[in-house]
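Below is one structure, written out as structure tokens; comments come after it.
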Amino acid sequence: MGLLRMAARTAVVAGTATAVSGRVHRRQSARYADQDQQAYEHQQYEQQQQYAQQQQYAPPPPPAEDDVTAQLAQYAKLHNQGILTDEEFAAAKAKILGI
């Protein structure tokens, strides 16, 4: 009878250990899942903040055609008045037109 009792006790101890180990594993898994979720949410929040800042500091739109025409007219007027040399006028025109 001693051998049967010892086998039963071993089975109970092993079963209890398995149950406790499983419970600890599930609890740790849930904790790590919560931490991962919080890290993911924090990362998403930071990305949204970066996007908002990028939108806030977006570069100005390129100048409209009217601005280009007005600038060319202004430089042409300065050139006709003799204030700008031919080389200066050509350089300013190239800069405005992006050549």
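Every heavy atom of this structure was used, including side-chain atoms; hydrogens, water molecules and symmetry mates were not. Residue numbers start at 1 and run along the sequence shown. Since the structure is predicted, the reported quantities are computational estimates derived from the model, not experimental observations.
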Check: Are F89 and I99 connected in the hydrophobic side-chain network, where two residues link if heavy atoms are under 4.5 Å apart?
Finding: yes
Next item on the list: Calculate, to the nearest 0.5 Å, the distance between atoms OG1 and CD1 belonging to T69 and I96 respectively.
Entry: 10.0 Å
Note to self: Rounded at 0.5 Å granularity, tell me how far CD in Q71 sits from CG in L97.
What the structure shows: 9.5 Å
Note to self: I'd like to check D86 versus H79 (side-chain heavy atoms, cut-off strictly below 4.5 Å). Are they in contact?
What the structure shows: yes
Notebook entry, point to check: In this structure, are over 12 heavy atoms from other groups packed under 6.0 Å from E88 atom CD?
Noted result: yes
Item checked: Straight-line distance of Q47 CD to Q50 CD, nearest 0.5 Å -> 7.0 Å
Check: Rounded to the nearest 0.5 Å, how far apart are CZ of R5 and OG1 of T10?
Finding: 13.0 Å
Margin query: Do Q37 and E41 pair up side chain to side chain, a donor and an acceptor below 3.5 Å, judged on atom types alone?
Written below: yes
Next item on the list: Look at the side chain of Q38 and the backbone N and O of Q35, then say whether any donor-acceptor pair between them is shorter than 3.5 Å.
Entry: no
Note to self: Checking side-chain polar atoms at under 3.5 Å, does H42 have a donor or acceptor matched by the opposite partner on E46?
What the structure shows: yes
Notebook entry, point to check: Which heavy atom in L72 sits nearest to a heavy atom in K93, and how many Å separate them?
Noted result: CD2-CG, 3.6 Å
